[in-house]
Amino acid sequence: MENRNEIIMIRVSQSDKERIHEKMEELGIRNMSAYIRKMALDGYCVNLDLADVKELVYLLRQCSNNLNQYAKKANQTGSIYEEDLQDLQSRFDEFWKIGKELLARLSTIQ
């Protein structure tokens, strides 16, 4: 990573500064230097709602935990219940459905 040791100073009015803070707040950005650098270099900042990603991660963790429990049980007893496998399969199906929907929505971002 490059050192950021060069300084660029700009002057803004009070209303400009307030508007910059409002836009930063809308995007959930607290670092003004990072915001202004991103805007100057790319011309835009994107605020993604990652609630669906968080839900996907949650479901993946649940499935992983269940899979680990089933593997442990299978190793201890030599068998597992069919209902347990069906439950796990339905959770994975839900996981993939949400994942496909999420990827489809992300692919439309320009």
Side-chain angles (χ1 to χ4, degrees):
M1 181 177 190
E2 263 186 278
N3 287 336
R4 292 190 179 116
N5 54 5
E6 297 294 322
I7 297 173
I8 298 174
M9 294 180 64
I10 62 169
R11 292 188 182 274
V12 295
S13 67
Q14 180 64 33
S15 63
D16 289 342
K17 186 176 178 183
E18 289 170 4
R19 188 158 178 232
I20 290 169
H21 279 286
E22 287 171 9
K23 288 183 170 272
M24 287 174 54
E25 192 172 312
E26 287 173 10
L27 293 168
I29 298 173
R30 289 180 269 163
N31 184 323
M32 184 180 287
S33 180
Y35 172 76
I36 291 175
R37 186 171 43 256
K38 180 70 174 165
M39 291 300 292
L41 294 173
D42 298 331
Y44 61 90
C45 288
V46 176
N47 183 20
L48 296 175
D49 178 8
L50 299 177
D52 291 339
V53 174
K54 290 177 183 177
E55 181 180 355
L56 203 56
V57 169
Y58 172 76
L59 289 173
L60 182 57
R61 282 189 181 134
Q62 276 188 325
C63 288
S64 296
N65 289 340
N66 288 345
L67 183 59
N68 287 336
Q69 291 170 1
Y70 298 151
K72 183 178 178 181
K73 183 177 179 182
N75 286 332
Q76 290 174 344
T77 65
S79 66
I80 55 175
Y81 295 111
E82 181 67 28
E83 300 104 29
D84 291 342
L85 291 177
Q86 290 174 353
D87 177 55
L88 185 60
Q89 182 64 50
S90 70
R91 289 175 188 239
F92 272 114
D93 290 344
E94 183 180 355
F95 169 72
W96 284 115
K97 178 184 171 196
I98 293 170
K100 287 177 185 178
E101 291 172 2
L102 181 62
L103 289 174
R105 287 197 319 226
L106 289 174
S107 70
T108 63
I109 296 175
Q110 296 183 11

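Quick caveat, the model's predicted, so the values are computed rather than measured.
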Does [X], at its [atom1] atom, have more than 12 non-hydrogen atoms belonging to other residues, nucleotides or ligands within less than 6.0 Å?
| X | atom1 | result |
| --- | --- | --- |
| Arg37 | CZ | yes |
| Leu41 | CG | yes |
| Lys73 | NZ | yes |

Separation between [atom1] of [X] and [atom2] of [Y], rounded to the nearest 0.5 Å:
| X | Y | atom1 | atom2 | value |
| --- | --- | --- | --- | --- |
| Asn66 | Phe92 | CG | CZ | 8.5 Å |
| Cys63 | Asn68 | SG | CG | 11.0 Å |
| Ile10 | Asp16 | CD1 | CG | 8.5 Å |
| Glu26 | Glu22 | CD | CD | 7.0 Å |
| Leu27 | Met39 | CG | CE | 8.0 Å |
| Ile8 | Ile36 | CD1 | CD1 | 10.5 Å |

>> I'd like to know whether Arg91 forms a side-chain contact (heavy atoms from CB on, under 4.5 Å) with Asp87, so could you lay out the CA-CA distance, the side-chain angles of the two residues, the decisive distance to 0.1 Å, and finally the verdict.
In response: CA-CA 6 Å; Arg91 289 175 188 239; Asp87 177 55; 3.2 Å; yes
>> Between Gln62 and Phe95, is the side-chain contact (heavy atoms from CB on, under 4.5 Å) condition met? List the steps.
In response: CA-CA 10 Å; Gln62 276 188 325; Phe95 169 72; over 6 Å; no
>> Whether the side chain of Asn75 engages the backbone of Ala71 through a donor-acceptor N/O pair (distance < 3.5 Å, no angle test) should be reported.
In response: yes
> Closest heavy-atom contact between Thr108 and Ala104?
Replying inline: CG2-O, 3.4 Å
> With the threshold set at 4.0 Å, does a side-chain nitrogen-carboxylate oxygen contact exist between Lys97 and Asp93?
Replying inline: no
> Is there a path of hydrophobic side-chain contacts, each under 4.5 Å between heavy atoms of I, L, V, M, F, W or Y residues, that connects Leu60 with Leu103?
Replying inline: no
>> Checking Tyr35 against Asn31 for the side-chain contact (heavy atoms from CB on, under 4.5 Å) test, could you report, in this order, the C-alpha distance in whole Å, the side-chain angles of both residues, the deciding distance, and whether it holds?
In response: CA-CA 6 Å; Tyr35 172 76; Asn31 184 323; over 6 Å; no
> Among Lys17, Glu18, Glu25, which one satisfies side chain to side chain contact (heavy atoms under 4.5 Å, CB included) with His21?
Replying inline: Lys17
